Number of protein chains: 2
Amino acid sequence: MEASNNEFLRGTLKTIVLKLLAERGRMYGYEITQSVKDRTNGEIMLTFGALYPVLHKLEQEGFLLTESVEVDGRLRKYYSLTPSGSASAAQKVSEFERFVEAMQSLLQPQQGLSMG
Amino acid sequence: MEASNNEFLRGTLKTIVLKLLAERGRMYGYEITQSVKDRTNGEIMLTFGALYPVLHKLEQEGFLLTESVEVDGRLRKYYSLTPSGSASAAQKVSEFERFVEAMQSLLQPQQGLSMG
DNA sequence: TTTGATATATAAAAATCTTATATATATTTG
DNA sequence: CAAATATATATAAGATTTTTATATATCAAA
């Protein structure tokens, strides 16, 4: 898979993963990459090299639980949120919304506005 | 100065700097940090340790020009955009808007929507 | 049998960011 | 006069994050 080569993705990976898990209950790594690609029409594509370290980090921080399930002779590792993971998901989403608002105040065209 | 401790800032620094310079014509480092802080009501605060490497990188990439001016006995280093810097500013802003739209499609609450 | 889709994962390297630090002038406060 | 604060630029060490490359393996289709 090719990466979306999107510099803005930096810093949003944990938020994306936590939010998807909050919504879906449990997901496995490959499923997360496909879901992100589908829902953004290919605009955002996660690489495995970025995703797995994030999943492991979140697990290590106590936000995720894992369970391995054999499906069609292959192992799938499902990730789901702990209570603190749920809390973190909600918090990160609202922090992102605030950040975007702040960014809009920087990126909106400033016409005749006073700029102290 | 304290940093805004905002993980989402990752990957947006160049965009912020380029956009401000496109708007203001020329600015010096300290002025950029103050402008960002003021316009975002303290939501986004750039640290010098992050800002100066970005300014030097953009200069190195041919997006910025510098001129040193003595003001009140102190040196100020003004940064302004080259033509390719202007082009990059416009492009990065529109890329950011696209990215935010993609993020909204991930972060919006999914209620009864079909989720392939 | 080769390609493509499905599936997880690590390692090396590069890029980026945080934190701490150094330097220096001018103004305000005590 | 001294100390603190605001103004001003910059680097270095360290931590974190991300990219790129690689390894492994099953199943289905061409």
Side-chain angles (χ1 to χ4, degrees), chain A residues 1-18 26-38 42 44-61 63-80 92 99 116, chain B residues 1-18 26-38 42 44-61 64 66-80 92 99 116:
Chain A
M1 178 195 288
E2 327 103 76
S4 55
N5 196 32
N6 197 328
E7 65 192 286
F8 301 118
L9 203 49
R10 295 177 150 280
T12 63
L13 286 177
K14 281 185 181 177
T15 302
I16 290 172
V17 168
L18 289 171
R26 66 174 204 179
M27 297 177 86
Y28 50 99
Y30 187 83
E31 187 183 15
I32 293 173
T33 65
Q34 294 306 300
S35 179
V36 167
K37 185 184 172 186
D38 289 348
I44 297 178
M45 289 198 272
L46 308 188
T47 57
F48 297 119
L51 178 63
Y52 286 114
V54 165
L55 287 170
H56 300 329
K57 186 85 191 300
L58 289 172
E59 187 182 1
Q60 193 187 308
E61 290 171 335
F63 293 147
L64 301 187
L65 293 175
T66 62
E67 51 179 321
S68 289
V69 178
E70 197 180 315
V71 179
D72 295 326
R74 274 172 277 175
L75 268 189
R76 265 187 201 166
K77 200 165 173 182
Y78 278 100
Y79 297 86
S80 58
K92 282 194 183 301
F99 175 73
Chain B
M1 178 193 288
E2 326 100 79
S4 55
N5 195 29
N6 197 325
E7 64 192 287
F8 301 118
L9 202 51
R10 295 179 148 280
T12 63
L13 285 177
K14 282 186 182 178
T15 301
I16 291 172
V17 168
L18 289 170
R26 68 174 202 177
M27 295 177 88
Y28 50 99
Y30 186 83
E31 187 184 13
I32 293 172
T33 64
Q34 293 307 300
S35 179
V36 167
K37 185 183 172 187
D38 290 347
I44 298 179
M45 289 197 272
L46 308 187
T47 57
F48 298 119
L51 178 64
Y52 286 114
V54 164
L55 287 171
H56 300 330
K57 185 86 191 298
L58 289 172
E59 187 183 359
Q60 194 187 306
E61 289 171 335
L64 301 187
T66 62
E67 51 180 319
S68 289
V69 178
E70 197 181 313
V71 178
D72 295 325
R74 273 173 276 174
L75 267 189
R76 265 188 202 164
K77 200 164 172 183
Y78 277 101
Y79 297 86
S80 57
K92 282 195 182 302
F99 174 73

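Every chain is numbered from 1 and lettered A, B, ... according to where its sequence line falls, protein lines coming before strand lines. All figures in this text were calculated on a predicted structure; none of them were measured in a lab.
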Taking only the side-chain nitrogens and oxygens of [X], find out if one of them lies under 4.0 Å from OP1 or OP2 of [N].
X	N	value
Lys57(B)	dA15(C)	no
Tyr28(B)	dA8(D)	yes
Lys77(A)	dA7(C)	no
His56(A)	dT8(C)	no

Aromatic plane relationship, Tyr78(A) with Tyr28(A) - under 30° parallel, 30 to 60° tilted, over 60° perpendicular: perpendicular
Sugar-phosphate only, base, or nothing, as touched by Gly29(B) at under 4.0 Å among non-hydrogen atoms: sugar-phosphate
Residue mapping more 5' on DNA chain C - nearest nucleotide basis, Tyr79(A) or Arg10(A): Tyr79(A)
Salt-bridge criterion met for Arg76(B) and Glu67(B) (N-O under 4.0 Å): no
Salt bridge flag under 4.0 Å for residues Glu7(B) and Arg10(A): no
Side chain of [X], heavy atoms from C-beta onward: which of [options] has the nearest atom to it?
X	options	answer
Lys14(A)	dA10(D), dT17(D), dC17(C)	dT17(D)
Gln34(B)	dT18(C), dT7(D), dA8(D)	dT7(D)
Thr47(B)	dT17(D), dT8(C), dT18(C)	dT18(C)

Between dT7(D) (P) and Asp38(B) (CG): distance, integer Å: 10 Å
Integer-rounded Å distance: dA9(C) C1' and Tyr78(A) OH: 18 Å
